[in-house]
There are 2 protein chains.
Amino acid sequence: MGNRESEDLSRFADMLSAMGTEPRLRIMRLLLSAHPEGMVAGEIGAALEIAGSTLSHHLERLRNEGLVTVRREGTFLWYSANAVALQDLLRFLYAECCTRSRACEPRKILA
Amino acid sequence: MGNRESEDLSRFADMLSAMGTEPRLRIMRLLLSAHPEGMVAGEIGAALEIAGSTLSHHLERLRNEGLVTVRREGTFLWYSANAVALQDLLRFLYAECCTRSRACEPRKILA
DNA sequence: AAGATATTTCGATTAAGATAGAAATACCGA
DNA sequence: TCGGTATTTCTATCTTAATCGAAATATCTT
């Protein structure tokens, strides 16, 4: 059964959905700019003005889809972007748009 | 007011969300593989086994976010992937992951 | 104009997601 | 052990999204 591709597609859809909200896309961008150390949850919430409980749910969602990782350091939880997951997603999108199809020109993306 | 970046971010979040569902990601992939002619709505529905009314809503959503374009040819509606919109999105993601931050290595994406 | 086909819109149902205050849990330092 | 800070979980509300059958619209053909 060639359902490996189907699983991949479903996973990528979930990742896209997880980033498909302004607060969570902001979170990802912030974590990328703080890569690889990441940021403490409270710092993220302060920077983006997101209530604690709301932020916690967003971070849980991103973690569920493998887009962020978390490590505890005492009382603090450090969240980091997961570069490998983002690489997988970008490789998929790049392949679909620029390789499998020739819809997009690489030079217009890498510029 | 530096809200241009904020508008962009919101737009990219909407595009990600639009592709963040398995049926719609499949639709995009199918349209990319048929680029640039695109496909007739009924063909898409037959290939992906999606009910007509459901498909119509998915296509409307993709069109609203600028990810597909449509042209009428008699009774038929031809849907195509919008390469420019996809380029914008990929450029944004690539910049965030590989340029602004160095979280991802280009060679692992372009491979 | 009438019948046939393609596609959308309507109407309805069901499920999922976003938000946040309040309470609970985890950990540290004294 | 106790108080303090960080973070999550609980509970609740409100909105949005996914789905699809049936009816409506659009276009072609004859």
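Quick caveat: nothing in here was measured; it's all calculated off a predicted structure. Atoms considered below: every heavy atom in the structure, side chains included; atoms not considered: hydrogens, waters and symmetry mates. So you know, we letter chains A, B, ... as the sequences are listed, proteins then strands, and number each from 1.
- A donor-acceptor contact shorter than 3.5 Å is absent between the side chain of His35(A) and the backbone of Leu31(A).
- Residue Trp78(B) belongs to a hydrophobic cluster whose other members are Val40(B), Phe76(B), with links defined by side-chain heavy atoms closer than 4.5 Å.
- Every side chain to side chain donor-acceptor pair (under 3.5 Å) that His58(B) has, sequence neighbours left out, goes to Arg24(B).
- Classification of Glu7(B) and Arg11(B) as a salt-bridged pair fails, no side-chain N sitting under 4.0 Å from a carboxylate O.
- Rounded to 10 degrees, the angle between the two end axes of the helix from dA1(C)-dT30(D) to dA30(C)-dT1(D) is 30°, with five pairs used at each end.
- Of the residues in residues 16-35 of chain A, none lies under 4.0 Å from DNA chain D by heavy-atom distance.
- Residue pairs meeting the salt bridge (charged side-chain N to carboxylate O under 4.0 Å, His left out) criterion with at least one partner in residues 90-104 of chain A, sequence neighbours excluded, are Asp88(A)-Arg91(A), Glu96(A)-Arg100(A).
- Taking every heavy atom of both residues into account, Leu25(B) and Leu9(A) meet most closely at CD2-O, 3.6 Å.
- Contact detail for Leu16(A) and Met19(B): the closest heavy-atom pair is CD1-O, 3.6 Å.
- Partners of Ser17(A) according to the side chain to side chain donor-acceptor pair (under 3.5 Å) rule, which considers only residues two or more places apart in sequence or in another chain, are Arg61(A).
- Panel note: side chain Thr21(A), backbone Pro23(A); no donor-acceptor pair is recorded below 3.5 Å.
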Atom pairs under 3.5 Å, N or O on each side, protein against nucleotides 23-30 of chain C: can you list them with distances?
none

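- Among residues at least two apart or in separate chains, salt bridge (charged side-chain N to carboxylate O under 4.0 Å, His left out) pairs with a member in residues 27-47 of chain B are Glu5(A)-Arg29(B).
- Considering only side-chain N and O atoms, Tyr79(B) lies nowhere under 4.0 angstrom from the phosphate OP1 or OP2 of dA6(C).
- Put simply, CD on Glu65(B) and CD on Glu60(B) are 10.0 Å apart, with the number rounded to the nearest 0.5 Å.
- Applying the ring-ring contact (aromatic ring centres under 6.0 Å, His included) test to Tyr94(A) and every residue at least two apart in sequence or in another chain returns nothing.
- Here the range on DNA chain D touched by chain A, meaning any atom under 4.0 Å from one of its heavy atoms, is dT5(D) to dC10(D).
- Annotation: proximity of residues 40-70 of chain A to DNA chain D (heavy atom, distance under 4.0 Å) is found for Val40(A), Ala41(A), Gly42(A), Gly52(A), Ser53(A), Ser56(A), His57(A), numbered in ascending order.
- Using a distance-only test at 3.5 Å, with no hydrogens or angles considered, a donor-acceptor pair links the side chain of Asn82(A) to the main chain of Gly66(A).
- Across all non-hydrogen atoms, the minimal contact from Ala83(A) to Ala103(B) is CB-O, 3.4 Å.
- By the 4.5 Å side-chain criterion applied to Ile, Leu, Val, Met, Phe, Trp and Tyr, Val84(B) is assigned to no cluster and stands alone.
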